[in-house]
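Remarks on the structure that follows.
Naming convention: chains lettered A, B, ... in sequence-line order (proteins, then strands); numbering from 1 in each chain. What you see is a predicted model, and the numbers here were worked out from it, not measured in a lab.
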Amino acid sequence: MGVKLKLNKMKLKYLVLFFINMLVTVGVVVLILNYQRTKIAYIHSQELIYDYAGTMEAMAEFNNEKLKWQANIDTLNTNFEYNVEEYRNEYSNLNKIQRVKVEKRLSSQENQLQGYRDAIAKKAEEQERVLLEGVVNQINSFVKTYGEENGYKIILGTNQSGNIMYAEQTLDITKEIIEAMNKNYRGE
Amino acid sequence: MTTINKILFHSFIYIALLSMSLLTSCSNGISSPNELMHWVNNPDQGLIKTKLINGFKLTVKYLPPQYLAWQDIKGEQYAKNTYDSILNGYTKFRTFLLTIAPDEEHSQADIMFYDVINKVDYKKRVQDLNFNIASYISLHTKSGELFPVLHTLENTYELAKHKSIYLVFADNENIKDLLTSEKLDFKFSDTLFDTGISHFVFHKADFDTVAKMKFELNKI
């Protein structure tokens, strides 16, 4: 009788231990699964900007515009240089009053040319800013949507200043995000 | 009723229901302009494209000629040949509706006030959307780039937070493939809302599908 009671007590003890073990195992599994659900990734910000089709198109358009403006400046400059050369050739044939008159005209032309150059430089700067702002906004909006749709909790951006000291290569999603972003950009 | 009869009866009902649903799904099933637009508004049909950028929702929708012809004659009593004549006119062009709306998730503000800090800015915004918008938009066919021949801003009298612009494209002396190009790339080069350059590609096959749809004049 005493031996039987002892055996039952031992069985109960093992049963309790078994249940505790089970609970701990389930807890660990739940924790691991929860940890795996926290998706984290990083992207190379500069690579993303330079390989984005939107950046390439925006820069190509900007460069085309810049070439047109430069062509206008070149034409005006050639015209001004031609007038200066003509004045030099005619210098000895002109009297003092005529020289003052021509120099005044040339000075005015030079000022106008410089004013045009400055205006174009300002316009170019403004246009470049607007174009790049559009590109950056597109990238930011896309990465946000991509993160939400693919269940990422956080997507980090790395750059030259090195705000990420180390990350596993498998967390680098730069290539896949560029591919998805370019497909979206093409509007297909 | 015996068991075999019961099985036969149920089988008959099942086959009849299946046939009916198959017949319904095979036909175009468009019986009114509103139904047509409901169909167009389904992104799966490829006639409406959307992009979310910088807190804005940019939507480009193809407006079928049937719908535009209906808009012209709605509420009026016209003969069928009048409708056909108007419809024929619209089939020579491609019409799109560009809608710029706040992306409800991120912004609730009226798009007219984006980056506007004074009356001068607001006046410029109104001026740009009413008269200069065509300079930001083009349509790329296989052979080149077309610009809108007609554009008009839908007046919402400040009752809505979005703005819609109707844009009509037509062939010109150099580009003659507006209606035949397999792909049309609608390009919006935005400098007003900082959304950059956006492309919305449409396919001729999707235009052709909608072109085959007809609705009865008495239902218009």
Side-chain angles (χ1 to χ4, degrees), chain A residues 45 48-69 119-120 122-152 155 157 177-188, chain B residues 43-44 46-62 96 98 100-107 111 114-115 121 124-125 128 132 135-141 145 182-206:
Chain A
S45 308
L48 194 71
I49 290 175
Y50 289 123
D51 290 350
Y52 177 42
T55 314
M56 293 179 203
E57 185 169 4
M59 288 319 291
E61 285 202 356
F62 174 68
N63 288 334
N64 279 344
E65 284 292 303
K66 234 167 86 172
L67 282 176
K68 280 182 208 162
W69 297 331
I120 290 297
K122 205 176 161 189
K123 196 177 172 183
E125 201 179 307
E126 174 62 12
Q127 184 147 346
E128 192 175 21
R129 187 196 63 77
V130 169
L131 283 170
L132 287 178
E133 200 169 327
V135 168
V136 170
N137 286 336
Q138 285 185 354
I139 292 174
N140 287 341
S141 299
F142 184 83
V143 172
K144 187 179 179 294
T145 311
Y146 187 87
E148 284 168 356
E149 284 175 359
N150 292 282
Y152 285 102
I155 296 177
I177 216 162
I178 288 173
E179 209 174 295
M181 206 159 65
N182 285 344
K183 192 179 171 202
N184 177 66
Y185 181 75
R186 287 193 293 272
E188 299 275 358
Chain B
D44 293 341
L47 299 171
I48 186 165
K49 310 270 171 172
T50 303
K51 281 193 179 186
L52 299 174
I53 306 166
N54 194 31
F56 292 97
K57 185 178 180 184
L58 307 176
T59 308
V60 180
K61 178 160 66 175
Y62 173 67
F96 294 90
L98 167 69
I100 306 162
D103 168 10
E104 295 292 335
E105 195 190 325
H106 304 102
S107 165
I111 64 137
Y114 176 76
D115 229 5
D121 288 347
K124 190 178 179 308
R125 175 63 43 82
D128 276 334
N132 304 332
S135 60
Y136 304 107
I137 290 161
S138 60
L139 195 69
H140 293 251
T141 70
E145 187 177 18
E182 287 302 320
K183 256 181 13 179
L184 288 181
D185 179 3
F186 184 104
K187 183 178 166 188
F188 177 37
S189 304
D190 168 36
T191 55
L192 304 174
F193 304 101
D194 297 322
T195 64
I197 301 169
S198 293
H199 292 270
F200 304 87
V201 174
F202 293 87
H203 297 270
K204 185 177 173 285
D206 296 324

Cut-off 4.5 Å, heavy atoms of chain A, and the answer for T195(B) is backbone
Structural part of I197(B) lying under 4.5 Å from a heavy atom of chain A:
both
For K57(B), does the NZ atom sit with more than 12 other heavy atoms under 6.0 Å from it, leaving out its own atoms?
no
Which value, rounded to the nearest 0.5 Å, describes the distance between K51(B) atom NZ and F142(A) atom CZ?
9.5 Å
To the nearest 0.5 Å, tell me how far T191(B) OG1 sits from Q127(A) CD.
8.0 Å
Distance (rounded to the nearest 0.5 Å) between D190(B) CG and L131(A) CG:
10.5 Å
Is a side-chain donor or acceptor of N54(B) paired with a backbone partner of N137(A) at a separation under 3.5 angstrom?
no
Using non-hydrogen atoms only, which part of E61(A) is less than 4.5 Å away from chain B: side chain, backbone, both, or neither?
side chain
With heavy-atom distances below 4.5 Å as the criterion, would you say the side chains of S198(B) and Q138(A) are in contact?
yes
Could you check if a side-chain atom of I53(B) sits within less than 4.5 angstrom of a side-chain atom of S141(A), using non-hydrogen atoms only?
yes
Decide yes or no for K183(B) and E188(A): does some side-chain heavy atom of the first lie under 4.5 Å from some side-chain heavy atom of the second?
yes
Counting only heavy atoms from other residues, nucleotides and ligands, does the tally under 6.0 Å from NZ of K66(A) exceed 12?
no
